[in-house]
Novice: 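Below is the structure I would like to discuss, written out as structure tokens.
Chain identifiers are assigned alphabetically (A, B, ...) following the order of the sequence lines, protein sequences preceding nucleic acid strands; residue numbering begins at 1 within each chain.
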Amino acid sequence: MADETIAEVLEKRGFTRRAFLQLCATVTAALALSPADAAEMTRRLQSAPRPTVIYLSYQECTGCLESLTRSFSPGLASLIFNDISLAFNDTLQAAAGEAAESAKDTAMKKAWGKYLLIVDGSVPLPQNGAYCTVAGRSAISDLKHAAGGAAAVVAVGTCAAFGGLPYASPNPTGAVPVSDIVRDRPVINVSGCPPIAEVITGVIMYYTTFGLPALDRLRRPTNFYGNSIHDRCYRRPFYDRGLFAKTFDDEGARQGWCLFELGCKGPVTHNACPTMKWNGGTSFPIESGHPCLGCSEPGFWDKGGFYRPLSVPTGHWSRAGVIGGAAAAGAVTGLAVAAVARSRQDRAQKNRQSGTDKKNPKP
Amino acid sequence: MGPSDVVIPVYPVAGAPSNGMTVADALIQELAAALVTYLRTQRSHVIDLTCMPLSGEDKERLDAYLGLGETSMDIHALLRTRIEETRYAGVWRVRHYGPDDTVQSERIEVIDVPEIARASTADIGRSAQRLAAVKGEEGVWQTKP
Ligand code: SF4
Ligand code: SF4
């Protein structure tokens, strides 16, 4: 049934409207929508048809899909993804071979022009795309065909968004990101290696309700990628006071001091890790004592070393983030943090007002 | 709705002298304004705490301010939801928990009864049908043709 709504899907599974409200509350919280926008989203989701998602994988490690489906079961992310929106995914389905290919064709035909195409993995260009083929078809021709019927394309993971690991030097297969191939459809980059599950589902839900979210210059939704890790890191007060761990087992490390000198890329990395966290909100890498690798930024594999501090000039990272961070004086108080939190809501609201109909708007 | 009925969320300014004001104090002011507005216009107000990085101290302060009122409710639907009235009638804390008991969403609502606690008309309609069907099967409650 093409026009079934999300509320109807839940109802069929025996839930009341309360389940729908619970779903809305958690999704709008993850999106950091203002109260007015959250109410509006709930109102619209009430009648919006469930999204149709076609999920295709090329040069990738399946980590993104693992992030999505193993996040916490039977969590909301998997509910939104598996039960509500997914129409085709070759990794998760039971069918194989020709049955799988025809299932894909059927799913695409049924929602041609309307589906949300999720792609993970990069796409190799040389030798007519021979380095990555699915069912005898090159990734590049498969992607071009699938994008033809998509309303928008979501490049999930740093491989699809920026090339990622396959693209890393020396890029033996000539891999490129999705946005190099899909040029006539809006492309939303949900980067991260892997991205946070709730960010992926949040983008699906946002798209279903409001259309295209506002994107930064790297086409990432600003709702999730608007702040740097450093902006919202709970170790920031130590950074501001100049208290740094120098090794992984020194006194500073034990005291939970800032990991900047151990190579933390938080100041130049935009992602939602400090607020949304990982594994159902358990913690995030810095909370576990490891510096941020910068996994949601282009080319992070080749940027001078994961454990080399940003202050060591390698010419790989922009200086702006580093200097901006170091210039921020004084300890971050709770008030400042609250202001940041509210500014995120503000931005989410502005995004909704300005960014819904535009094609890949620039900030 | 006149401008005076709009509850203006509190935006603490980074770097400004805090005068000992904490985030919890600011939120309490926002709630006080929201209650007055609710009385006048029946306009409900929601503060979503989920993504607000409150310090442990802020949380304690907020808990201490709001306390616990007379009413609490548990909802077992898709998620588990705990609703608690604070010691201020009309100010509710609504928390949604994931399957592993982690808080998925936490908000303060200013309203007479949080919307999620009400049975929706559609659900009541389905209940009526279901109940009629059960009675019909048992032959206890046949309606005359
Ligand atoms: S440098 Fe890294 S650990 Fe230090 S405050 Fe910034 S993000 Fe946190
Ligand atoms: S902390 Fe940094 S490297 Fe780690 S997942 Fe988040 S953005 Fe990626």
Side-chain angles (χ1 to χ4, degrees), chain A residues 7 10-11 13-36 38-39 42 71-77 79 198 232-234 272 274-277 279-282 328-330 332-346 348, chain B residues 7 9-18 21-27 34 44-58 61 75-81 94-107 109 114-124 126-127:
Chain A
L10 291 173
E11 193 183 290
R13 302 172 109 231
F15 290 112
T16 63
R17 193 178 129 78
R18 294 196 185 99
F20 174 72
L21 290 176
Q22 287 173 329
L23 182 96
C24 292
T26 43
V27 169
T28 52
L31 282 162
L33 295 184
S34 72
T42 306
S71 55
F72 47 101
S73 73
L76 273 174
L79 179 102
E198 289 80 359
R232 323 201 77 209
C233 179
Y234 75 105
T275 46
M276 305 196 54
K277 303 197 176 177
N279 299 318
T282 307
V332 174
T333 64
L335 290 178
V337 175
V340 171
R342 282 301 172 101
S343 74
R344 185 161 171 243
Q345 289 188 341
D346 264 3
Chain B
V7 178
V10 180
Y11 293 83
V13 179
S18 67
M21 253 257 303
T22 65
V23 182
D25 293 297
L27 292 175
S44 59
H45 186 72
V46 178
I47 299 177
D48 199 325
L49 300 179
T50 322
C51 278
M52 214 181 274
L54 297 173
S55 67
E57 200 185 307
D58 278 320
R61 245 181 128 91
I75 294 174
H76 300 271
L78 185 59
L79 304 175
R80 185 170 69 79
T81 299
V94 181
R95 296 184 183 90
H96 302 295
Y97 294 89
D100 46 2
D101 266 345
T102 52
V103 178
Q104 301 278 312
S105 155
E106 174 172 14
R107 35 160 115 195
E109 299 191 12
E115 198 197 344
I116 195 165
R118 295 173 186 276
S120 75
T121 315
D123 288 324
I124 295 174
R126 274 188 290 277
S127 297

Novice: Do you know the tightest heavy-atom contact between B:Leu78 and A:Leu10?
Specialist: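 Residues B:Leu78 and A:Leu10, closest heavy atoms: CD2-CD2, 4.3 Å.
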Novice: For A:Arg17 and B:Asp123, which heavy atoms make the closest approach, and how far apart are they?
Specialist: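 Between these two residues, the closest heavy atoms are N-OD2, 2.8 Å.
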Novice: Rounded to the nearest 0.5 Å, what separation is found between the CG atom of A:Leu23 and the NE2 atom of B:His96?
Specialist: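 Here the rounded value is 10.0 Å.
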Novice: Between CG of A:Leu31 and OG1 of B:Thr50, what distance do you get to the nearest 0.5 Å?
Specialist: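 It comes to 11.5 Å.
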Novice: May I ask you to say whether A:Arg18 pairs ionically with B:Glu115, meaning some side-chain N is under 4.0 Å from a carboxylate O?
Specialist: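 Between B:Glu115 and A:Arg18 there is no salt bridge, as every charged N stays at least 4.0 Å from the carboxylate O atoms.
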Novice: Heavy-atom distance under 4.5 Å to chain A: side chain of B:Arg126, backbone, both or neither?
Specialist: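 The side chain, not the backbone.
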Novice: Between B:Arg95 and chain A, which part of the residue has a heavy atom less than 4.5 Å away: side chain, backbone, both or neither?
Specialist: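 Neither part, no heavy atoms under 4.5 Å.
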Novice: Using heavy-atom distances under 4.5 Å, tell me whether B:Ala117 contacts chain A through its side chain, its backbone, both, or neither.
Specialist: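 For B:Ala117, the backbone is the part near chain A, not the side chain.
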Novice: When you measure from the side chain of A:Gln22 to the backbone of B:Leu79, do you find a donor-acceptor pair of N or O atoms at a distance under 3.5 Å?
Specialist: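 Looks like yes, one N/O pair under 3.5 Å.
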